Asks: 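A single structure is presented below for examination.
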Amino acid sequence: MPVFALFIGKWTALRIGNPKVSHCDAAAAFPEDYISNVQRLSEDIVKNVKNLKNDALKYAVKEYKVELKPLYSAFELRPFAMTTLRSFLMFYLPLLEPATNVEEDDEDFLQDTPKEQHVDLVVPFKKSVKQIIRETTVVTTRRVLERLAVIYVSQRMAWKLLKDVPKSAVRKSQRGLPTTVYFFRVSRTTFRGHLLGVVAAALVQTGIEIYRCFCRKTNSEESDELNLTEQTKFLGKKISDITIRCGASLVFASIGAGIGAVLFRPSVGQWIGCAAGDLAGPIIVSVCLEKGFHVNL
């Protein structure tokens, strides 16, 4: 009995108080530079994570902030004053030129008191008022188109259509782009930024031509069928001319903006080139069509 009790006590001590311990000699199988390789690998992982964070910050999702101008911005003090001054100078400056007759008779030359010519100031005034109404209508139509673009197109495209083109040309000039790439990008940006203005001008001019067509139809005393056919053809020709002129204005304004931004300062050069191309485009296209296809715009 004492021997059996002693055996049970030793067996219990081995099971409870003295747990089994295993020894493994697996570390001897690793190479000597294993620890250094693991450290180097962990450092590379940390560097890659940092680079990914920096790239994520650098190439984050771009926010397109669309800033709409007031709907009736054409009637603000400064723009409306500039439009009025430009319109009156356009029609009253020609009246200041001296009227000279190339072919004069001897009797008229020998007269002591030349004939006084009456200058009509009412007609230029009416034309100036019509020009003011036309320009303010074009600007207001463009503001309406800008709001439609914000509603019906993507935010990115709306931002491109409403972008401040001179400031964009300055930003592009600071990227160190090649000359050809810079010219192409400024021209493309000008094309997008100038598009709504040209479309607004085309819509207003088309509306004016339709109004004139109905006025001529009302005041005409000819037969209805003949008058309707002629007026329809004439209106179609006018709309085609407007489309060609506005398209030429848009294309040449874009090209001129790119050339101006390359040759001069980005902001001023882009503005000058855009204005010059806008004026010269319809004239160049009209001359080319007249010389090449005998078509008068």
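These numbers come from the heavy atoms of this one structure, side chains and all, not from hydrogens, waters or symmetry mates. Owing to the predicted nature of the structure, the values given are computational and were not obtained by experimental measurement.
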Asks: What's the spacing between Ile239 CD1 and Phe234 CZ if we round to 0.5 Å?
Replies: 11.0 Å
Asks: Output the distance between atom CE (Met157) and atom CZ (Arg192), rounded to the nearest 0.5 Å.
Replies: 5.5 Å
Asks: Would you call Lys233 and Glu230 a salt bridge, taking side-chain N to carboxylate O under 4.0 Å as the test?
Replies: no
Asks: Between Val165 and Gln270, is a side-chain contact (heavy atoms from CB on, under 4.5 Å) present by the stated rule, with each step listed?
Replies: CA-CA 8 Å; Val165 183; Gln270 188 276 335; 3.0 Å; yes
Asks: Return yes when atom NZ of Lys163 has more than 12 non-hydrogen atoms of other residues, nucleotides or ligands closer than 6.0 Å, and no otherwise.
Replies: yes
Asks: Is there a donor-acceptor pair under 3.5 Å between the side chain of Thr140 and the backbone N or O of Thr137?
Replies: no
Asks: Using the side-chain contact (heavy atoms from CB on, under 4.5 Å) rule, take Glu135 and Val139 through it: C-alpha gap first, then chi angles, then the decisive distance, then the call.
Replies: CA-CA 6 Å; Glu135 291 192 15; Val139 176; 5.6 Å; no
Asks: How many angstroms lie between SG in Cys274 and CG in Leu279, if you round to the nearest 0.5 Å?
Replies: 9.5 Å
Asks: Could you walk me through whether Leu289 and Ile244 satisfy the side-chain contact (heavy atoms from CB on, under 4.5 Å) test, starting with their C-alpha distance in whole Å, then the side-chain angles of each, then the deciding distance to 0.1 Å, before giving a yes or no?
Replies: CA-CA 10 Å; Leu289 289 178; Ile244 294 173; 4.2 Å; yes
Asks: Between atom CG of Leu161 and atom CG of Leu148, what is the distance when rounded to the nearest 0.5 Å?
Replies: 12.0 Å
Asks: Shortest non-hydrogen contact from Ser187 to Gly258?
Replies: OG-CA, 3.6 Å
Asks: Given 3.5 Å as the limit, does a donor-acceptor pair link the side chain of Tyr182 with the main chain of Ala169, or not?
Replies: yes
Asks: As a quick check of understanding, evaluate side-chain contact (heavy atoms from CB on, under 4.5 Å) for Arg185 and Ser168, giving each step before the final call.
Replies: CA-CA 10 Å; Arg185 292 190 178 181; Ser168 177; over 6 Å; no
Asks: Can you establish whether the number of heavy atoms outside Leu77 located under 6.0 Å from its atom CG is more than 12?
Replies: no
Asks: Hey, what do you get for CG (Leu196) to CG (Leu250), rounding to the nearest 0.5 Å?
Replies: 10.0 Å
Asks: Nearest 0.5 Å, what's the CG-CZ distance between Leu145 and Arg143?
Replies: 10.5 Å
Asks: Quick one: hydrophobic cluster around Met82, which other residues, with the 4.5 Å side-chain cut-off, linked directly or via members?
Replies: none
Asks: Side-chain contact, heavy-atom cut-off 4.5 Å: Val285 with Arg245?
Replies: no
Asks: Applying side-chain contact (heavy atoms from CB on, under 4.5 Å) between Arg86 and each of Thr84, Leu89, Thr83, report the one that passes.
Replies: Thr83
Asks: Residues in side chain to side chain donor-acceptor pair (under 3.5 Å) with Arg134, at least two apart?
Replies: Gln131
Asks: Does a side-chain heavy-atom distance below 4.5 Å link Pro124 with Lys127?
Replies: no
Asks: Just checking Phe264: does its CZ atom have more than 12 heavy atoms from other residues, nucleotides or ligands closer to it than 6.0 angstrom?
Replies: no
Asks: Kindly give the cluster partners of Met90, where membership spreads through any ILVMFWY side chain lying under 4.5 Å from a current member.
Replies: Phe91
Asks: For a 4.5 angstrom cut-off between non-hydrogen side-chain atoms, does Ile284 reach Phe252?
Replies: yes
Asks: Fit a plane to each ring of Tyr72 and Phe75, take the angle between them on a 0 to 90° scale, and name the class: parallel (under 30°), tilted (30 to 60°) or perpendicular (over 60°).
Replies: tilted
